[in-house]
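In what follows, a single structure is set out as structure tokens and then discussed.
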Amino acid sequence: MDPPREVNKDSSTVTTEKKIEDLYNLISGIGFCMMTTHCKDTGKLVSRAMSPQTPDAPADLWFYVNENSPKVQDIEADPNVNLAFHKQNTSEWISISGTAQIVRDRNKIKKFYSPDVRPWFGDLHDGIHDGGPDDPRIALILVTADTVHYCLKDTGPTVQTFRIAKSLITGEPPKVSVERTLEQDELKHGRHLREMDDSIVE
């Protein structure tokens, strides 16, 4: 039994749409995550900081990657990954377990491309490897979420401090956050809604 988890588990009736909306807002407010893969050579876990593009439905994330990066080999050998987000000033967090794939579709790369990508690849001054959208080194990682766990703060720091102090006296775990889970059926439902929205726009 895990009393703190039970106390902070979201007990309200929240729709899947609301869960996804809050997740999007939390991701956009953090900007960076740690992507963990299994090293192809050692089998050990390896994490590195990554910056996702605009989230796809409902928690599927795109990342730029250099074709020469070891994480490309890691993912092709074992596509199981974890994405961990942490918001320092509030201690809110997200954990996304998913399946990654390397995408080399040039149209998709151009869709997400922006000039701030260029410095991360550099210009080799050979007329080909210039960090632009046609640079053959540039590929994408798509992480399709399998499960999502995230934590929101539903009270201010003063209330949180009070509740933690009270727990020291009572021995009861403090209620300081709202923890939510998006299961596979909810993620599937979210993807369906996004597909419907996209078809309407088209």
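Along the sequence shown, residues carry numbers from 1. Scope of the values below: all heavy atoms of this structure, side chains included, with no hydrogens, waters or symmetry mates.
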To the nearest 0.5 Å, what is the distance between [atom1] on [X] and [atom2] on [Y]?
X	Y	atom1	atom2	value
E186	R191	CD	CZ	11.5 Å
D126	H129	CG	NE2	5.5 Å
Q101	L140	CD	CG	10.0 Å
M50	Y64	CE	OH	12.0 Å
W120	I138	CH2	CD1	13.5 Å
I30	N89	CD1	CG	9.5 Å

Non-hydrogen atoms of [X] and [Y] that approach each other most closely:
X	Y	result
G31	S51	O-OG, 3.3 Å
C151	E92	O-CB, 3.3 Å
G132	R118	N-NH1, 3.8 Å
G131	Y113	O-OH, 2.7 Å
E67	P136	CG-O, 3.7 Å
P119	D116	CD-O, 3.4 Å

**OP:** Would you please classify the geometry between the W62 ring and the F112 ring as parallel, tilted or perpendicular, with 30° and 60° separating the classes?
**Re:** tilted
Original post:
Does the pair H38 and D74 meet the rule for a side-chain contact (heavy atoms from CB on, under 4.5 Å), with working shown?
Top reply: CA-CA 6 Å; H38 283 94; D74 293 349; over 6 Å; no
**OP:** In sequence, state the C-alpha distance, the side-chain angles, and the governing distance for E76 and R104, and then conclude on salt bridge (charged side-chain N to carboxylate O under 4.0 Å, His left out).
**Re:** CA-CA 13 Å; E76 290 180 334; R104 298 177 173 90; 2.9 Å; yes
Subject >> Backbone N/O of L26 and side chain of Y150: donor-acceptor pair under 3.5 Å >> reply: no
**OP:** Please answer whether the main-chain N or O of V65 pairs with a side-chain N or O of S69 as donor and acceptor at a distance below 3.5 Å.
**Re:** no
Who passes side-chain hydrogen bond (donor to acceptor under 3.5 Å, both in side chains) against [X], sequence neighbours left out?
X	value
D130	none
K87	none
E21	none
D185	none

Original post:
Residues two or more places apart in sequence or in another chain: which of them pass salt bridge (charged side-chain N to carboxylate O under 4.0 Å, His left out) with R137?
Top reply: D135
**OP:** Examine the side chains of H189 and E17 and answer whether a donor and an acceptor come within less than 3.5 Å of each other.
**Re:** yes
Subject >> Residue pair T181 / H149, side-chain donor-acceptor N/O under 3.5 Å >> reply: yes
**OP:** Mind running salt bridge (charged side-chain N to carboxylate O under 4.0 Å, His left out) on D105 and K111 for me, showing each step along the way?
**Re:** CA-CA 10 Å; D105 183 332; K111 174 184 175 181; over 6 Å; no
Let me have the donor-acceptor pairs involving side chains of residues 41-48, under 3.5 Å, with sequence neighbours excluded, atom names and distances please.
unit_1 : atom_1 : unit_2 : atom_2 : d
T42    : OG1    : K44    : N      : 3.2
S47    : OG     : T36    : OG1    : 2.6
R48    : NH1    : M35    : O      : 3.2
R48    : NH1    : T37    : OG1    : 3.0
R48    : NH1    : V46    : O      : 3.3
R48    : NH2    : T37    : OG1    : 3.3

**OP:** Could you check L61 against Q53 for side-chain contact (heavy atoms from CB on, under 4.5 Å), going step by step and ending with a plain yes or no?
**Re:** CA-CA 7 Å; L61 296 171; Q53 304 303 302; over 6 Å; no
**OP:** Pick out which of V143, L142, T99, L187 makes a side chain to side chain contact (heavy atoms under 4.5 Å, CB included) with D60.
**Re:** L142
**OP:** Check I27, N82, L83, I96 against C33 for a side chain to side chain contact (heavy atoms under 4.5 Å, CB included) and give me the one that passes.
**Re:** L83
Subject >> Ring centroid separation W93 to F85 under 6.0 Å >> reply: no
Subject >> Heavy-atom side-chain proximity of L152 to R180 below 4.5 angstrom >> reply: yes
Original post:
After noting the C-alpha distance and the side-chain angles of I94 and L23, does the key distance pass the side-chain contact (heavy atoms from CB on, under 4.5 Å) rule?
Top reply: CA-CA 8 Å; I94 308 165; L23 176 64; 3.8 Å; yes
**OP:** Evaluate side-chain contact (heavy atoms from CB on, under 4.5 Å) for I141 paired with V103, printing each intermediate quantity in order.
**Re:** CA-CA 6 Å; I141 298 173; V103 177; over 6 Å; no
